[in-house]
Q: 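Here it is, the structure in full.
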Amino acid sequence: MAERMRALKFGTDLWDPSHRFETSWILTPWVLFGCRAAISLYAFTTTFFIIGWEATNHNGLSIHDVRRSFSFFTILCYWGISFYFLVSALHTFSYAINGGTPLLNRFPRPLQALHYLFYTTITTYPFLVTIVYWAILYSGFSSRFTLWSNVSQHALNSVFGLFELAFSRINPSPWIHLLWLIVILACYCGLAYVTYATKHYYVYSFLNPNPPDHGAVVGYVFGIAAAIILIFCVSKGLQTLRKWGAEKKAGMKGKFYAGRRMGSGEVELETVRVWEKGPGEA
């Protein structure tokens with residue numbers, strides 16, 4: 001029981017001593033900062049442009065569509081992408097500017113653990129959104145605006161997730177994160193039905209439980225749960241492959257401040273998180 005409960009603890013060991021959350025195995029800290037900031041800027045610009053376009057009654061849309069958008073998983077995920085890359089860019093900047101202790105390392109441990117989970121959502125949920133949209137929801141584009149907005153939110157979102165997965169040095173997501181991904185999806189499912197109860201519409205048609213579709217709802221829900229499990233496993237596998245290929249095979253430990261190497265300056269010894277330790281390990 002103690003071993004199982006340990007996976008739910010935040011840990012007391014030194015947090016990210018080699019600055020994995022702020023560095024890349026191939027990009028310098030300043031380049032990584034620029035890429036993350038650019039992605040955040042694009043995502044925020046896209047989001048606010050769409051809000052402005054809809055609010056000004058273009059293409060038959062209105063302010064009501066803006067209000068409705070906050071119930072869509074796609075939109076919530078895109079807000080998440082916008083804020084994740086903004087926050088991660090700030091953390092990278094705090095390291096790149098002088099090579100000192102990054103902002104993230106000064107946070108309380110619960111916030112550090114939540115940022116790690118935030119990273120995991122960025123390397124999993126966008127792929128789920130892309131798959132569900134193009135496999136189930138796509139029905140063509142009626143204008144250049146819908147083409148651009150849907151490509152930005154249902155295709156580039158996965159490109160952004162792939163960038164973070166491929167170019168960061170963050171350790172592979174721990175298995176406990178899979179539990180929280182499923183919990184978040186369950187909470188969203190609740191939000192979708194709260195939306196129906198208060199606004200009288202289903203965010204997604206496949207969530208309609210009325211006959212003859214009630215059996216299909218169960219299938220969709222379990223299908224999406226199975227999909228996120230598979231996506232998490234593939235993402236974790238790719239992160240493991242990236243770490244092994246870059247660090248073990250290619251010897252590219254990371255690009256640090258002012259050309260430092262692992263172990264220069266502050267203590268940068270690799271540690272194992274408390275939830276990643278095997279049975280019997282201290």
Side-chain angles (χ1 to χ4, degrees), residues 3-4 6-8 10-11 13 15-27 32 35-36 39 73-74 77 80-81 84-85 88 92 112-136 154-186 188 221-255 262 270-279 281:
E3 293 292 335
R4 295 176 181 175
R6 187 173 61 181
L8 299 175
F10 293 123
D13 53 329
W15 174 264
D16 191 25
S18 66
H19 309 317
R20 288 187 173 275
F21 286 87
E22 297 82 22
T23 56
S24 167
W25 59 275
I26 191 170
L27 305 176
L32 180 62
C35 291
R36 285 172 164 176
I39 291 173
F73 190 71
T74 293
C77 283
I81 288 173
Y84 171 80
F85 280 100
S88 61
T92 304
Q112 294 171 336
L114 285 173
H115 184 77
Y116 199 175
L117 178 59
F118 203 0
Y119 161 80
T120 300
T121 65
I122 297 302
T123 56
T124 52
Y125 283 156
F127 307 118
L128 178 65
V129 168
T130 297
I131 291 170
V132 171
Y133 177 78
W134 294 104
I136 300 175
H154 301 107
L156 290 182
N157 61 331
S158 290
V159 174
F160 300 152
L162 278 173
F163 170 85
E164 191 68 7
L165 187 155
F167 291 101
S168 71
R169 293 180 57 247
I170 301 174
N171 279 321
S173 302
W175 288 107
I176 190 63
H177 282 184
L178 177 57
L179 170 64
W180 292 114
L181 292 178
I182 295 174
V183 168
I184 293 171
L185 284 176
Y188 174 75
V221 168
F222 279 96
I224 289 174
I228 198 60
I229 293 173
L230 177 61
I231 290 170
F232 175 85
C233 292
V234 171
S235 177
K236 183 178 176 66
L238 290 175
Q239 293 169 53
T240 303
L241 180 63
R242 177 254 296 158
K243 183 178 179 181
W244 174 81
E247 300 182 21
K248 301 296 183 182
K249 297 297 290 184
M252 303 178 72
K253 301 294 184 179
K255 299 288 186 178
M262 184 80 77
E270 186 60 35
T271 62
V272 180
R273 298 285 161 258
V274 65
W275 51 75
E276 295 173 333
K277 294 176 181 177
E281 293 183 23

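By convention here, the first residue in the shown sequence is residue 1. Scope of the values below: all heavy atoms of this structure, side chains included, with no hydrogens, waters or symmetry mates. All values derive from a computational prediction rather than experimental measurement.
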Q: Between OG1 of Thr23 and CD1 of Ile170, what distance do you get to the nearest 0.5 Å?
A: 8.5 Å
Q: Spell out, as yes or no, whether a donor-acceptor pair under 3.5 Å connects the side chain of Lys255 to the backbone of Ile26.
A: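 No; zero donor-acceptor contacts below 3.5 Å.
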Q: Counting distance only, does the side-chain N/O of Thr124 pair as donor-acceptor with the main-chain N or O of Phe232 below 3.5 Å?
A: no
Q: Quick one: does any side-chain atom of Gln239 pair with a main-chain N or O of Leu165 as donor and acceptor, under 3.5 Å?
A: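 Answer holds: no.
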Q: If you round to the nearest 0.5 Å, how far is NZ of Lys243 from CG of Leu238?
A: 15.0 Å
Q: Any luck finding a side-chain donor-acceptor pair between Ser24 and Ser168 under 3.5 Å?
A: no
Q: Carefully, step by step, assess Glu247 and Arg20 under the rule salt bridge (Lys or Arg N to Asp or Glu O under 4.0 Å).
A: CA-CA 12 Å; Glu247 300 182 21; Arg20 288 187 173 275; 2.8 Å; yes
Q: Within the supplied structure, the quantity of interest is the number of heavy atoms (other residues, nucleotides, ligands) at a distance under 6.0 Å from Trp134 CH2; does it exceed 12?
A: yes
Q: Minimum heavy-atom separation for Pro126 and Ser158, please, with both atom names.
A: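 For Pro126 and Ser158, the tightest heavy-atom pair comes out as O-OG, 3.2 Å.
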Q: Please determine whether salt bridge (Lys or Arg N to Asp or Glu O under 4.0 Å) holds for the pair Arg169 and Glu22, giving the CA-CA distance in whole Å, both sets of side-chain angles, and the decisive distance to 0.1 Å.
A: CA-CA 8 Å; Arg169 293 180 57 247; Glu22 297 82 22; over 6 Å; no
Q: If you compare all heavy atoms of Ile131 against all heavy atoms of Ile231, which two are closest, and at what distance to 0.1 Å?
A: CD1-CD1, 4.1 Å
Q: Find out whether the Lys NZ or Arg CZ of Lys253 is both under 6.0 angstrom from the six-membered ring centre of Trp25 and within 45° of the ring's axis.
A: no
Q: When rounded to the nearest 0.5 angstrom, what distance separates CD1 in Ile228 from CD1 in Ile224?
A: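 That separation rounds to 9.5 Å.
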Q: In sequence, state the C-alpha distance, the side-chain angles, and the governing distance for Phe160 and Cys35, and then conclude on side-chain contact (heavy atoms from CB on, under 4.5 Å).
A: CA-CA 10 Å; Phe160 300 152; Cys35 291; over 6 Å; no
Q: How long is the straight-line distance from CG of Asn157 back to CG of Leu128, given to the nearest 0.5 Å?
A: 10.0 Å
Q: Compare every heavy atom of Thr240 with every heavy atom of Pro172, then report the nearest pair and how far apart it is.
A: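 Looking at all heavy atoms of both residues, the shortest contact is CG-OG1, 3.5 Å.
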Q: Angle class for the Tyr133/His154 ring planes (parallel below 30°, perpendicular above 60°, tilted otherwise)?
A: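 Ring orientation, 0 to 90° scale: parallel.
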Q: Would you give the length of the straight line joining atom CG of Leu162 to atom CG of Leu156, rounded to the nearest 0.5 angstrom?
A: 11.5 Å
Q: Parallel, tilted or perpendicular: which fits the ring planes of Phe118 and Tyr84, with parallel below 30° and perpendicular above 60°?
A: perpendicular
Q: Examine distances only and state if a side-chain atom of Ser88 and a backbone atom of Phe85 form a donor-acceptor pair shorter than 3.5 Å.
A: yes
Q: If we ignore hydrogens and angles and just use 3.5 Å, is the side chain of Asp16 paired with the main-chain N or O of Phe21 as donor and acceptor?
A: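 Side chain of Asp16 to backbone of Phe21, a donor-acceptor pair under 3.5 Å: yes, one is there.
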Q: Could you tell me the separation between the NZ atom of Lys236 and the CG atom of Leu241, rounded to the nearest 0.5 Å?
A: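 Spacing of NZ (Lys236) from CG (Leu241) equals 13.5 Å.
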Q: Aromatic ring centroids of His177 and Tyr116 under 6.0 Å?
A: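 Yes - the distance between ring centres of His177 and Tyr116 falls below the 6.0 Å cut-off.
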Q: Would you say Tyr119 and Asn171 make side-chain contact, with heavy atoms under 4.5 Å?
A: no
Q: Not counting sequence neighbours, which residues clear ring-ring contact (aromatic ring centres under 6.0 Å, His included) with Tyr125? List them please.
A: Phe73
